[in-house]
Student: 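Just dropping this structure here.
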Number of protein chains: 2
Amino acid sequence: MNEQTGASRKASVRDVRRTNRALLLRHVMFAGETTRPEAGAATMLSPGTITNLVTELIAEGTVVEGRKLDSPGGRPRTVLAVNPHAAVVFGADVGEAQVTVEAFDLAMRRLGGRTHAFTGRRISPQTVSSVVAGAVGALTTELVASGDFGATPTILGIGLGVPGIVEHPDVSAGDSEARDEPLVHAQVVGWDSVRFSELAAQLPAPLLIDNGAKTTTQAEAWYGSAQGVEHGAVVLIGDGVGAGIITNGRLYRGSSSSAGEWGHTKISLDGIRCRCGARGCVETFVGASAVLERWRGREDAWLGREPEGIDELFAAYHQGDEVAERSLRDLIHHLGIALSNLVNLYNPQKIVVGGWFGDRLAEEFLADIAAAVRRSSLSQPGAEVVVERSSLGRRATALGAATLPLDRFIERGWPQ
Amino acid sequence: MNEQTGASRKASVRDVRRTNRALLLRHVMFAGETTRPEAGAATMLSPGTITNLVTELIAEGTVVEGRKLDSPGGRPRTVLAVNPHAAVVFGADVGEAQVTVEAFDLAMRRLGGRTHAFTGRRISPQTVSSVVAGAVGALTTELVASGDFGATPTILGIGLGVPGIVEHPDVSAGDSEARDEPLVHAQVVGWDSVRFSELAAQLPAPLLIDNGAKTTTQAEAWYGSAQGVEHGAVVLIGDGVGAGIITNGRLYRGSSSSAGEWGHTKISLDGIRCRCGARGCVETFVGASAVLERWRGREDAWLGREPEGIDELFAAYHQGDEVAERSLRDLIHHLGIALSNLVNLYNPQKIVVGGWFGDRLAEEFLADIAAAVRRSSLSQPGAEVVVERSSLGRRATALGAATLPLDRFIERGWPQ
DNA sequence: TGGAGTTATTTCAGACTATAAACCATGTCA
DNA sequence: TGACATGGTTTATAGTCTGAAATAACTCCA
């Protein structure tokens, strides 16, 4: 009996304020438009506290008052909303072949974006850095030109969704905000322990990095199909396969932020060798490239990516091709088993199926996928889980990346 | 953008006190003996607050002052410790064939216990209830006789670890502490949606129920091999196979408390049919009964439990029997794959291997198991995970069950 | 024996919070 | 115009932690 377990931090009166401010601000942001009484009901805070907090938020410029609502007798309620022009956040989707940077106002409305496609096979962190920095700069001047954000827009931060594991430094060891930047390990693009210090130094606001599957999950949780989900999973099926796990309403990261590597869990004791080196990985059964290779009868190799071929597969299926049908049936069967492992382990309320290939599958076979999941799951968690198609599409990754600085702002307030 | 996401509750000044009180009390309990300065360092609370809280805890009778420590110049520190005689907690291990009830003082020292073995195949909830109520009564009179707890010992609660899924009612819907008792689903003993209301009514203190694998995990997390682990898993291998997952330092329960059913995740697309109805479950590869069936060459059926046979298996292995060796090698290989799924999904710091069969395996093959896990895991999380043997043995389940009321006491204080 | 030095513990003023209740503001309706 | 209803603010009060000052209880040394 030596160490502390489940150690929570000490609390002080200041924390009470921070918690309640965040609670209220989150309500305002997600409600879009609200009123003081409505916010009071949603947050359970007393009218006095609401007044107090709202006054502060208005003074800061974070929140603005709007029109007054009609009343059936009684003083009319004043509409409250986030001040969209109070600040800007950037979100970047770093893919294997391209980088997309998007700008959002404080109401998370898209203001503009830049996409840069790479021709070479592997992009270097330096290239990515210069593209991101360039896009942020270009978008910022665009914003200045629009006049909505003044001469020097307040930038809350730049979020980066990258294709790999992002290892965050141990927070417990001192709160020295200084140079504890995350390490990025991305096998797919050949990055090993990359730090984006140079990029961070170039940018006009803090750089926050996370795994792309996780930022996508965050986007679905805040604005998409996973809204309000306390325990859930977002699975992303493309060439590769990933997942984001939500536990207790928050994105789960694990001890070193690599949690959720569902694509490399095994559902078979043998099978094709995966690019991770193991055999039997989910990715080798449901990843788009693997499915294509199978369909074409080359079960021995797993290389390259060829998303176009998926169109052929679906076309063949619709023309009654039996081989195509069997490929898709097998895929759904395997997907059901792979998802049932998530169901039995996490007992999620909802599983959201996304990714370019997953989205395509869910569009046509959602019911079959759900049935396959239930067939392999334990009865109780299987009966409870809802399987749904993702609702945000390809922009989710950048959107989710942009929520990183936004979330930080909600929790901590303005810098300093 | 409608619903609230990751909704935290509103905070008030009272919560600050509760949080800090719990933080301090937890420190005192886990330290065994401490002092005010030591507690201050551990909790980061100021000396004034420590005095304040300690005074309250002493006045309540929860904490007592002890001897004064020698000082090399300066006022000597006074030893603080939990008052073991302040209260009693009970923990019950409801197994498939027997029920064990144990009593602990507030320092979680075992005071006594009762075990009742059943002869029939399936025990009814009524039988379990009367056995538990009887044992609690008998142990209580024993405690009264000992004189350490006065004429009417304060009982904080009775924790029950049961072999099945425990579904807790939704807490969010009103804080009516009234009759929202959990539902127990235990296929193994044939319980379907059982409520222990009658038992709760008979008992002299609140009844708290959880899954046995989860209470065992809790015990390992508080007092065993999983101490101080923020992200980890405790896997329990016996006839059946279960797991408890620790995320962010707390036991993870999922949306309806059935999380952690690792025994019924699939690592094979075909294979023996499991008692859950599916094929390829981990339990059919590493569960004791399944291993025995395999060893004896009867791969077609999976029935009954015969733990004694495991001794034969190990004996044969030690005598150089090749079939026994192959059985164990295969088992370890499969266990490695099954655990690697946990590693890739949860990214745990530590995996604790327990359960009567798991313990036996870990005793002899821990290094092999760890190697097998690493072989199948992704390199980054695989390199970080530590595989360890459980350290509490068979009493862990009841001990963990007893932590349920203890934890509640730490968080909420004395009843009322 | 007593004074200096040292560390533990308590006391207390000050800074913040939330809340309840009283109070003011601004409508509708008859 | 007054009664009523609801929205929003102000204020007194009760908790809470913290930092600094005060006090307590030692050891060491002359």
Side-chain angles (χ1 to χ4, degrees), chain A residues 8-25 27-28 31 33-60 63-81 175 412-413, chain B residues 8-25 27-28 31 33-59 63-81 412-413:
Chain A
S8 53
R9 304 233 159 281
K10 88 170 169 179
S12 78
V13 267
R14 291 282 187 77
D15 299 318
V16 175
R17 179 69 163 203
R18 251 221 318 277
T19 304
N20 290 338
R21 188 199 122 107
L23 191 64
L24 175 64
L25 183 51
H27 165 76
V28 175
E33 277 197 341
T34 186
T35 63
R36 269 168 265 242
E38 194 182 319
T43 60
M44 309 278 285
L45 292 165
S46 69
T49 304
I50 296 286
T51 289
N52 192 331
L53 287 169
V54 168
T55 306
E56 180 180 298
L57 290 169
I58 290 176
E60 283 175 13
V63 163
V64 285
E65 290 191 321
R67 67 186 192 286
K68 296 189 189 305
L69 296 176
D70 281 348
S71 117
R75 177 169 172 177
R77 289 171 294 176
T78 310
V79 165
L80 300 173
D175 261 339
R412 304 196 194 172
Chain B
S8 52
R9 305 230 159 284
K10 88 169 168 178
S12 79
V13 266
R14 291 283 185 77
D15 299 319
V16 174
R17 179 70 162 200
R18 250 221 320 278
T19 305
N20 290 338
R21 189 200 120 106
L23 191 64
L24 176 62
L25 183 51
H27 166 75
V28 175
E33 279 195 340
T34 186
T35 62
R36 269 169 265 241
E38 195 182 320
T43 60
M44 309 281 285
L45 293 165
S46 69
T49 303
I50 296 286
T51 289
N52 193 333
L53 287 169
V54 168
T55 306
E56 181 179 298
L57 290 169
I58 290 176
V63 163
V64 285
E65 290 193 322
R67 67 186 193 288
K68 295 188 188 308
L69 296 176
D70 280 350
S71 112
R75 179 171 172 174
R77 289 171 294 175
T78 309
V79 165
L80 300 173
R412 302 196 195 173

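Every heavy atom of this structure was used, including side-chain atoms; hydrogens, water molecules and symmetry mates were not. Protein chains get the first letters and strands the later ones, always in sequence-line order, with residue 1 at the start of each.
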Student: Search all heavy atoms of B:Pro37 against all heavy atoms of B:Arg77 and return the closest pair with its distance.
Tutor: CG-CD, 3.7 Å
Student: How long is the line joining CG of A:Leu24 and P of C:dT19, in whole Å?
Tutor: 12 Å
Student: Determine, for nucleotides 8-17 of chain C in 5'-to-3' order, which nucleotides have protein heavy atoms under 4.0 Å from the base (write B), from only the sugar-phosphate (write S), or from neither (write -).
Tutor: BSBB----BB
Student: When you list every nucleotide of DNA chain D with an atom under 4.0 Å from a heavy atom of chain A, which one comes first 5' to 3', and which comes last?
Tutor: D:dA5 to D:dT18
Student: Looking only at side-chain N and O atoms, does A:Ser46 come under 4.0 Å of OP1 or OP2 in C:dT19?
Tutor: yes
Student: First locate atom CD of A:Glu33, then atom CG of A:Leu80, and finally report the distance between them rounded to the nearest 0.5 Å.
Tutor: 9.5 Å
Student: By nearest heavy atom, map A:Leu53 and B:Pro72 onto DNA chain C; which one lands nearer the 5' end?
Tutor: B:Pro72
Student: What are the two closest non-hydrogen atoms of B:Leu24 and B:Ala39, and how far apart are they?
Tutor: CD1-CB, 3.6 Å
Student: Look up atom CZ in B:Arg9 and atom OG1 in A:Thr43, then write down how far apart they are to the nearest 0.5 Å.
Tutor: 12.0 Å
Student: Could you check whether any side-chain N or O of B:Asn20 sits under 3.5 Å from a backbone N or O of A:Lys10, counting only pairs where one atom can act as donor and the other as acceptor?
Tutor: no
Student: Measure CG/A:Asp15 against C1'/C:dA18 and give the value in whole Å, please.
Tutor: 14 Å
Student: Rounded at 0.5 Å granularity, tell me how far CZ in A:Arg36 sits from CD1 in A:Ile50.
Tutor: 9.5 Å
Student: Need one value for B:Ser71: base, sugar-phosphate or nothing, where a base atom within 4.0 Å counts as base even if backbone is also close, heavy atoms only.
Tutor: sugar-phosphate
Student: Atom CG of A:Leu23 and atom P of C:dA18: how far apart are they, to the nearest Å?
Tutor: 11 Å
Student: Considering every strand and a 4.0 Å limit on heavy-atom distances, what is the contact class for A:Lys68: base, sugar-phosphate, or nothing?
Tutor: nothing
Student: Taking all heavy atoms of B:Ser71 and all of B:Pro76, pick out the closest pair and write down the distance.
Tutor: CB-CA, 3.9 Å
Student: Using the rule side chain to side chain contact (heavy atoms under 4.5 Å, CB included), only one of A:Val64, A:Val63, A:Leu53 pairs with A:Ile58; which is it?
Tutor: A:Val63
